[in-house]
Amino acid sequence: MKPIDRPLYLKRIEPMINTEFIKIITGVRRSGKSYLLLMIKDKLLSMGVDED
């Protein structure tokens, strides 16, 4: 099964990436929370953040 891209969710989270606040992503089971975290990881890597 191919994951569904969620650009709206990523767009809402992007302004909070470099803040000191803790981000909590909630949702029902199998709603795409882990995939959203992978999208955030890819975004950070594209911004030049070291993978370590």
Side-chain angles (χ1 to χ4, degrees):
M1 178 180 249
K2 184 180 176 188
I4 300 171
D5 199 19
R6 306 283 186 191
L8 179 64
Y9 295 140
L10 186 60
K11 191 176 194 177
R12 291 182 67 186
I13 291 175
E14 280 181 2
M16 296 180 258
I17 286 178
N18 290 325
T19 64
E20 296 180 8
F21 296 107
I22 296 172
K23 290 76 171 175
I24 300 174
I25 299 173
T26 63
V28 296
R29 291 179 58 187
R30 301 184 53 94
S31 62
K33 298 179 296 287
S34 295
Y35 185 69
L36 182 61
L37 290 173
L38 290 174
M39 288 176 31
I40 293 169
K41 175 187 166 192
D42 291 340
K43 179 69 176 176
L44 289 172
L45 290 174
S46 71
M47 291 170 54
V49 175
D50 188 27
E51 192 170 347
D52 293 333

Using atom types as modelled, flag every donor-acceptor pair under 3.5 Å from a side chain in residues 9-19 to any protein atom, sequence neighbours excluded.
unit_1	atom_1	unit_2	atom_2	d
T19	OG1	M16	O	2.9
T19	OG1	K23	NZ	3.1

K33 side-chain N/O to G27 backbone N/O, donor-acceptor pair under 3.5 Å: yes
Distance-only criterion, 3.5 Å: show the donor-acceptor pairs between side-chain atoms of residues 38-47 and protein atoms not counting sequence neighbours.
unit_1	atom_1	unit_2	atom_2	d
S46	OG	K43	O	2.7

Contacts of S34 that satisfy side chain to side chain contact (heavy atoms under 4.5 Å, CB included) - sequence neighbours left out: none
